[in-house]
2 protein chains.
Amino acid sequence: MEKIKMNIGQAADLFKIMGDRTRLSMIAMMNRRECCVCDFTECFQMSQPAVSQHLKKLRTLGLINERKEGYWTYLSLNEDSPFYEMIPELIAVIPDIDAHISSLITSCSREDCC
Amino acid sequence: MEKIKMNIGQAADLFKIMGDRTRLSMIAMMNRRECCVCDFTECFQMSQPAVSQHLKKLRTLGLINERKEGYWTYLSLNEDSPFYEMIPELIAVIPDIDAHISSLITSCSREDCC
DNA sequence: CTGCTACATAAATGAATACTTATATGGTTG
DNA sequence: CAACCATATAAGTATTCATTTATGTAGCAG
């Protein structure tokens, strides 16, 4: 974990990234387990390029790691990010978040991926 | 405190509102004490209409209360908002937030207002 | 090699955002 | 009443954003 001193502007950047329903759900899902891009397109019923653009923003902030395996790219929260420790705490503040994410995951789980 | 069930979209709306340096600072300041508009224009070195537009967004989400007294309008966090309980918890996650807000307040405190 | 799969990138578009300048409003002071 | 103060609103502008369609790329299967 990098020892970067955070200022309010950087904190606001994190909130801004999390201020979108799709990205907030992505982050909450990755906070549980590794995901691949097709998980997101499935769960959010969203086009693959749209998901990819959101991932690009997460990457730009340094929030995620990628691990390639076979066809798939597995995404997870980057432990070296200065935001890494904040994320689970922010997620935990959201009421009923576990139930929401669970239903998101189970409602679209696919046997052939992840 | 209203008993509204929160979904991820509403949570994202809150993060989005907090995803701006100015508004995040406003919220963190009001989390400590009542503020008036002129406090914000002073602290952020920002035009009065710009501050007013940000306040409008906070009002639209129902985050703030207003109390008029003489020339000034005093603003505070609205205890009846479904987000009210989340705010101090979200603020608390930001590293060194207390020091940042303290220096913001002391650096521009004015004798003639608030 | 050929075709397929998972994903990224590019370009275009419409909507939202943050700010500015100018003007309005409503309470206060004299 | 008139002048003034704190604040809101309006209108304009430049930037950012979320999404789409189209295309590119790298790895795998046959």
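These figures come from a predicted structure and were not determined experimentally. Chain A is the first sequence line, chain B the second, and so forth, proteins listed ahead of strands; every chain is numbered from 1.
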Grab the [atom1]-[atom2] distance between [X] and [N] for me, whole Å please.
X        : N       : atom1 : atom2 : answer
Glu66(A) : dG27(D) : CD    : P     : 14 Å
Arg67(A) : dG27(D) : CZ    : P     : 16 Å
Phe40(A) : dA6(C)  : CZ    : P     : 16 Å
Leu58(B) : dT7(D)  : CG    : C1'   : 15 Å
Leu75(B) : dA6(D)  : CG    : P     : 15 Å
Glu42(A) : dA6(C)  : CD    : C1'   : 14 Å

Quiz item: Below 4.5 Å, heavy atoms only, C-beta onward: do Ile17(A) and Leu58(A) meet side chain to side chain?
Solution: yes
Quiz prompt | Residues forming a side-chain contact (heavy atoms from CB on, under 4.5 Å) with Glu69(A), sequence neighbours excluded | solution = Arg67(A), Tyr74(A)
Exercise. With heavy atoms under 4.0 Å as the rule, sort Arg21(A) into base, sugar-phosphate or nothing.
Key: nothing
Practice problem: Name the nucleic acid region contacted by Ser52(B), choosing base, sugar-phosphate or nothing; use a 4.0 angstrom heavy-atom cut-off, strictly under. | Solution: base
Quiz item: In the 5'-to-3' direction, what one-character label does each nucleotide of nucleotides 22-30 of chain C receive under the scheme B = base within less than 4.0 Å of a protein heavy atom, S = sugar-phosphate only, - = no such atom?
Solution: B----BBS-
Self-check item: Straight-line distance of Leu55(B) CG to Thr22(B) OG1, nearest 0.5 Å
Solution: 10.5 Å
Quiz prompt | Separation between CE of Met26(A) and CD1 of Ile64(A), rounded to the nearest 0.5 Å | solution = 8.5 Å
Please write out each protein N/O paired with an N/O of nucleotides 11-19 of chain C under 3.5 Å, distance rounded to 0.1 Å.
{"residue": "dT17(C)", "atom": "OP1", "partner": "Lys16(B)", "partner atom": "NZ", "Å": "2.9"}
{"residue": "dA18(C)", "atom": "OP1", "partner": "Asp20(B)", "partner atom": "OD2", "Å": "3.4"}
{"residue": "dA18(C)", "atom": "OP1", "partner": "Arg23(B)", "partner atom": "NH1", "Å": "3.4"}
{"residue": "dA18(C)", "atom": "OP1", "partner": "Arg23(B)", "partner atom": "NH2", "Å": "3.0"}
{"residue": "dA18(C)", "atom": "OP2", "partner": "Arg23(B)", "partner atom": "NH1", "Å": "3.0"}
{"residue": "dA18(C)", "atom": "OP2", "partner": "Lys57(B)", "partner atom": "NZ", "Å": "2.6"}
{"residue": "dC19(C)", "atom": "OP2", "partner": "His54(B)", "partner atom": "NE2", "Å": "2.5"}

